Amino acid sequence: MENLPAYIGITFVFTTGLTVWLFYRAAHESRRVLGLVLLWLLVQGVAGLSGFYTATNTLPPFFLLMVGLPMLAIATLFITTRGQAFLKGLRIEVLMLLHIVRVPVELVLYWLYLHGAVPELMTFEGRNWDILSGLSAPAVFYFGFVNKRLGRKALLAWNFICLGLLVAIVVNAVLSAPSPFQQFAFSQPNVAIQYFPFVWLPACVVPLALMAHLVSIRQLLHDAVVPNKAQWANSHVASVTN
């Protein structure tokens with residue numbers, strides 16, 4: 001990974017930072033949330049720099065630790081009382097906006113493909129259409145929460161479709177990574193996620209995008225989150241852009 005142009009890593013570090021910042025805003029600028037996420041990024045960054053994830057013949061594969069612990073944390077939030085209270089309080093409008101990070105993520109994946117670090121199937125030239133989620137996120141945010149022309153059903157449909165796109169690329173990424181379970185891309189496997197800073201993709205960016213969808217769906221199904229009052233835009237949207 002030493003031969004990669006610097007702009008690829010820099011772009012991805014910026015993208016990760018934007019993802020964390022948007023989730024921090026969605027969590028009402030909770031310092032505890034920010035601290036936990038930054039600590040996790042530090043741990044995974046050290047693991048990536050040390051070459052920990054380059055061991056590919058272990059059972060279970062080490063790289064599953066990147067996603068296993070975040071998935072466990074998300075599941076815990078959904079099944080515990082305190083976790084559910086936290087999820088209910090997250091700002092759905094910011095969670096919708098968070099998905100804009102999927103545009104630079106897809107650009108990074110494409111650049112990594114050009115340099116032999118991920119397979120073509122993980123890019124928009126292959127099987128990955130996830131960039132559509134990022135491109136549509138600003139419009140969904142605007143028409144759903146500023147203009148309010150999109151109703152609950154439309155917002156739910158968008159979240160379910162984009163969740164499906166996210167799951168599809170995650171499955172392809174896992175099955176194309178060097179491991180005993182690899183099924184695809186043997187000539188050009190998904191090796192980027194073994195190294196810093198790209199370990200942050202499965203360890204942080206993807207889990208936060210997944211959580212944003214799951215929380216949005218939960219709130220849309222169970223909570224009154226699509227307001228009808230005109231003053232909503234002044235009190236909430238302004239806080240997103242400040």
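This one's a predicted model, so the numbers in the text were calculated from it and none came from an experiment.
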Subject >> Distance (rounded to the nearest 0.5 Å) between Leu38 CG and Cys204 SG >> reply: 8.5 Å
Subject >> Worked check of side chain to side chain contact (heavy atoms under 4.5 Å, CB included) between Ile92 and Val215 >> reply: CA-CA 8 Å; Ile92 188 174; Val215 172; over 6 Å; no
Subject >> CH2-CG distance between Trp21 and Leu98, expressed to the nearest 0.5 angstrom >> reply: 10.5 Å
Subject >> Residue pair Thr76 / Thr80: nearest heavy atoms and the distance that separates them >> reply: O-OG1, 2.8 Å
Original post:
Rounded to the nearest 0.5 Å, how far apart are OG of Ser136 and CD1 of Ile161?
Top reply: 9.0 Å
Subject >> Hphob cluster co-occupancy, Phe196 + Tyr7, side-chain heavy atoms under 4.5 angstrom >> reply: yes
Subject >> Inter-residue atom distance His222.NE2 - Ile217.CD1, 0.5 Å rounding >> reply: 10.5 Å
Subject >> Pair listing, salt bridge (charged side-chain N to carboxylate O under 4.0 Å, His left out) test, anchored in residues 103-126, at least two apart >> reply: none
Original post:
Which distance, rounded to the nearest 0.5 Å, do you find between the CD of Glu93 and the OG of Ser216?
Top reply: 9.5 Å
**OP:** Give the minimum heavy-atom separation between Ala192 and Leu112, together with the two atoms involved.
**Re:** CB-CD1, 3.8 Å
Original post:
Taking side chain as C-beta onward, heavy atoms only, is Trp40 less than 4.5 Å from Leu69?
Top reply: yes
Original post:
Donor-acceptor pair, Thr54 side chain versus Gly51 backbone, under 3.5 Å?
Top reply: yes
Original post:
Out of curiosity, His99 NE2 to Asn159 CG, how far, rounded to the nearest 0.5 Å?
Top reply: 6.0 Å
Subject >> Linked, directly or transitively: Val167 and Val170 (ILVMFWY side chains, under 4.5 Å) >> reply: yes
Original post:
Looking at residues at least two apart in the chain, or sitting in another chain, which of them share a ring pair (Phe, Tyr, Trp, His ring centres under 6.0 Å) with Phe12?
Top reply: Phe198
Original post:
Any chain of hydrophobic side-chain contacts (each under 4.5 Å) joining Phe160 to Ile74?
Top reply: yes
Original post:
Is a side-chain donor or acceptor of Arg149 paired with a backbone partner of Phe143 at a separation under 3.5 angstrom?
Top reply: no
Original post:
In terms of hydrophobic clustering (I, L, V, M, F, W, Y; side-chain heavy atoms under 4.5 Å; direct or indirect links), are Tyr24 and Leu36 co-clustered?
Top reply: no
**OP:** Might you confirm whether atom CZ of Phe14 has over 12 heavy atoms from other residues, nucleotides or ligands at distances under 6.0 Å?
**Re:** no
**OP:** For the residue pair Met96 and Leu155, establish whether any side-chain heavy-atom pair is separated by less than 4.5 Å.
**Re:** yes
**OP:** For residues Asn190 and Val118, determine if any side-chain heavy atom of one lies less than 4.5 Å from a side-chain heavy atom of the other.
**Re:** yes
Subject >> Leu39 reachable from Leu34 in the ILVMFWY side-chain graph, under 4.5 Å edges >> reply: no
Original post:
Does Leu107 reach the side chain of Thr11, with side-chain heavy atoms less than 4.5 Å apart?
Top reply: no
Original post:
Would you say the side chain of Val199 lies within less than 4.5 Å of the side chain of Met66, judging by non-hydrogen atoms?
Top reply: yes
**OP:** Say whether, by atom type as modelled, one donor and one acceptor occur between the side chain of Gln219 and the main chain of Leu87 under 3.5 angstrom.
**Re:** yes
Original post:
How about Val67 and Val206: do any of their side-chain heavy atoms sit closer than 4.5 Å?
Top reply: no
**OP:** Check the pair Phe141 / Val94 against side chain to side chain contact (heavy atoms under 4.5 Å, CB included), numbers first and verdict last.
**Re:** CA-CA 8 Å; Phe141 167 77; Val94 187; over 6 Å; no
Original post:
Does the side chain of Leu210 reach to within under 4.5 Å of the side chain of Leu163, using non-hydrogen atoms?
Top reply: yes
**OP:** Looking only at non-hydrogen atoms, find the nearest pair between Ala203 and Gln44 and report the distance.
**Re:** CB-CG, 3.7 Å
**OP:** Determine the minimum heavy-atom distance between Gln188 and Pro119, stating which atoms define it.
**Re:** O-CB, 3.2 Å
Original post:
Under the 3.5 angstrom rule, does the side chain of Trp200 hit a backbone N or O of Thr15 as a donor-acceptor pair?
Top reply: no
Original post:
Any side-chain heavy-atom pair from Leu77 and Met211 closer than 4.5 angstrom?
Top reply: yes
Subject >> Member of Leu90, Leu214, Leu22 meeting the side chain to side chain contact (heavy atoms under 4.5 Å, CB included) criterion with Leu95 >> reply: Leu90
Original post:
Which heavy-atom pair separates Pro178 from Val191 by the least distance, and what is that distance?
Top reply: CG-CG1, 3.8 Å
Subject >> Worked verdict on Tyr195 versus Leu49 for side chain to side chain contact (heavy atoms under 4.5 Å, CB included) >> reply: CA-CA 6 Å; Tyr195 299 94; Leu49 287 169; over 6 Å; no
Subject >> N/O donor-acceptor pair under 3.5 Å between His213 side chain and Ala209 backbone >> reply: no
Subject >> Shortest non-hydrogen contact from Gly134 toward Val103 >> reply: C-CG2, 3.4 Å
